[in-house]
Amino acid sequence: MVFVGIVITFLGFLLAMFSVGLTSSTGSRLILVLLGLAISLAGIIGVINPAYLKTAIWKK
Amino acid sequence: MERKMNMKKLFLAFAIAGCSVVGGSVLGQTPAPVSSPPGPAVAAPSPAEPAAVPITDADLKAISAPAAEDKAKGDPSGATTGTVGDIPVGDAKKGLAVGDVVNLVGQHQIAINFVWTLVTGFLVMFMQAGFAIVETGLCRAKNANHTMMMNFMVYGVGMLAYWLIGFAIQEGGVGAIANLGGTAPLVGEYTIHLFGKDLGLWGKTGFFLVHHGSYDVGVMVLFLFQMVFMDTALTIVTGTCAERWKYSAFMISSFLMGALIYPLFGNWAWGGGWLATLGGNFGLGHGYCDFAGSGVVHAVGGITALALGIIIGPRIGKYTRQGKPNAIPGHDITMVLLGCFILAFGWFGFNPGSTLGASANGNLRISSVAVNTMLAGMAGSFGSMLYMWIRYHKPDASMTGNGLLAGLVAITAPSGFVNPVASVIIGLIAGVLVCLSVEFVDRVMKVDDPVGAISVHGANGLWGVISVGLFADGRSNYGGSWNGVGGSVTGLFYGDASQLVAQLIGVATLVGFVFCLSFVFGLIVDWAVGQRTSAKIELEGLDIPEMGALGYPEFVLKVETTGVE
């Protein structure tokens, strides 16, 4: 799951970066960048961190 | 219910009033002309200007220097020290010429900028002392030596990495910096061709400070200033990982961060990389703008801290078996608040020094940058103190200190582009944000951060980057352009929404790219040497097992045991 989380987080960055080449409209770029940011945050908070919490030291 | 409605109305009224003060109005605002000069709208008729009379060599020769016998009497008033007699003459036979004076004026401008940048760099270096005592004070006495040593040696290991590799990657393609008289040797940038544009990825010149002509006085100033910034980013991570980080893992991680992680993002933002050129290449405002490093320094440090904090895991005793967080108080709050003051002092080097000069090219804005810095720090400490007072009924000292730092972190990116009212708003939001973020990281993510570095530097670093895209008022002018785009940096509230998009791309890069890179490096170090000390060592305290000596050998320390071997 950690690997999946890294991929999702990185894909969010790529979407934000490529937004400048996908469209020239400021509004559309804004939406794509916010979407990319949300995907990256979901990768960190929703996938990577929970994967580590499953084996957290306080659960042992 | 009615009280809630009243509170909502009151909040709405404050928000509208705040936006009106800062931006005139948020919606439908006609932006002020970017290059409009300050002063009355209608120019008064000016009297006829006298015709310019060129100064000749003969005019200069008519100016007499103080007589030697007068100077021999001493100069208690200072009236005869520093006169025409002190101007170096290029050709002794010809005597003083206009060219000598003009050359001296040019050198004085660069000298002022050198001295300014070096002295502010020295102030930033002293921030390491502030970080050291803030972090040590917020940790337990049994780990004082270990925490102090990490803060001490991060300076050395970071500098070594940056000198060997990091500086060249970050600044190797920055080109000529006019304020420093050139830095001409730094012209090698590796680029890729994408979307019809050249996008810079990393620098290729300046290794060891001798490669490709980089043994240059201007390059040396730039190196010193950038080096102390890089070290600030590195020392943020030691706070989050304190009290359980293996010292060998800390050394390797810090080297990797100083050599690769920090310089890469630094190049993209400050070294002529693809983020800086979003304006010129894709019409997004002035490209990614980060005046002094809310993103480059603080968010990079805070996000790397988050990545390593997740990998290392919480300290023993931080969470109950049900996952409820326990407070683990630091051992010396006096150190913490003193450290915050030292950091606030150093920030006067961090932000105003980022002009890289005090003379010409709009650099008199240093006064505005300094005032914005102090105002935001003040607002941040108020914001967090009031939040804690209202929510927990006590004005918590450590969080108030963190609020001061949060305000300073947040104003770091916009300090050169915003007005004082915006600075207070940015700082106030930062002060509240740091408290909310600490609660989120602690209770929801369950990432143990003994000093709150993820929230202070990560969350507020990102907020600082975004705030440029909102509050930049289009009145700053550093030599007529920024990131190669003419005019002044202007945010959403002053009419340029595209600047906010550029800032958000920077935020997405920090969250999506810097996190992944730091995380992967963290996993490699974990696989190679192990990131975390054993439970036995952690309970005993890291001072003896890791460092060989106690921080406070004459103290009687309380030893915790849970039966873990």
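Just so we're on the same page: letters track the sequence lines, and every chain starts at 1.
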Query raised in the report: Which residue out of L34(A), L37(A), I44(A), L14(A) racks up the most heavy-atom pairs below 4.5 Å with chain B?
Result: I44(A)
Query raised in the report: Side chain, backbone, both or neither: which part of V7(A) has a heavy atom under 4.5 Å from chain B?
Result: neither
Query raised in the report: Side-chain contact, heavy-atom cut-off 4.5 Å: Q322(B) with W58(A)?
Result: no
**Report entry** Option in V33(A), L41(A), V20(A) with maximal non-hydrogen atom pairs under 4.5 Å from chain B
**Finding:** V20(A)
Query raised in the report: Does any non-hydrogen side-chain atom of W274(B) lie less than 4.5 Å from one of M17(A)?
Result: yes
**Report entry** Contact class of L194(B) relative to chain A, heavy atoms under 4.5 angstrom
**Finding:** side chain
Report summary line: Under 4.5 Å to a heavy atom of chain B? For S19(A) that would be side chain
Query raised in the report: By a 4.5 Å heavy-atom criterion (distance strictly below it), what part of F515(B) contacts chain A: side chain, backbone, both, or neither?
Result: side chain
Query raised in the report: Looking at V444(B), I311(B), N281(B), which one has more heavy-atom pairs under 4.5 Å with chain A than the rest?
Result: I311(B)
Query raised in the report: What about F18(A) and F195(B), are their ring centers closer than 6.0 Å?
Result: yes
Query raised in the report: So Y52(A) and F519(B), would you call those rings parallel, tilted or perpendicular, with 30° and 60° as cut-offs?
Result: perpendicular
Query - Derivation of the side chain to side chain contact (heavy atoms under 4.5 Å, CB included) call for L517(B) and F10(A) - result: CA-CA 9 Å; L517(B) 191 62; F10(A) 194 74; over 6 Å; no
Report summary line: Minimal heavy-atom distance between A16(A) and A508(B), with the atoms involved, is CB-CB, 3.4 Å
Report summary line: Of L199(B), L275(B), V520(B), T320(B), the largest count of non-hydrogen pairs under 4.5 angstrom with chain A goes to T320(B)
Query raised in the report: Using non-hydrogen atoms only, which part of L53(A) is less than 4.5 Å away from chain B: side chain, backbone, both, or neither?
Result: side chain
Report task. Examine whether an atom of L15(A) lies under 4.5 Å from a heavy atom of chain B, and if so say whether it belongs to the side chain, the backbone or both; otherwise answer neither. Result -> neither
Query raised in the report: What heavy-atom pair brings K59(A) and R321(B) nearest, and what distance separates the two atoms?
Result: O-NH1, 4.0 Å
Query - chain A contact via L523(B) - side chain, backbone, both or neither, heavy atoms under 4.5 Å - result: side chain
Query - Contacting moiety of F513(B), where chain A heavy atoms sit under 4.5 Å - result: both
Report summary line: Turns out that what part of L306(B) lies under 4.5 Å from chain A's heavy atoms comes down to side chain
**Report entry** From CZ (R29(A)) to CD1 (I505(B)), nearest 0.5 Å
**Finding:** 7.0 Å
**Report entry** Greatest number of heavy atom pairs closer than 4.5 Å to chain A - which of G283(B), A497(B), G323(B)
**Finding:** G323(B)
**Report entry** Separation of C516(B) SG from I48(A) CD1 (nearest 0.5 Å)
**Finding:** 6.0 Å
Query - Interchain contact, R244(B) with chain A, by part (heavy-atom threshold 4.5 Å) - result: neither
**Report entry** Test item: K318(B) and I57(A) side chains (from C-beta on) under 4.5 Å apart, heavy atoms
**Finding:** no
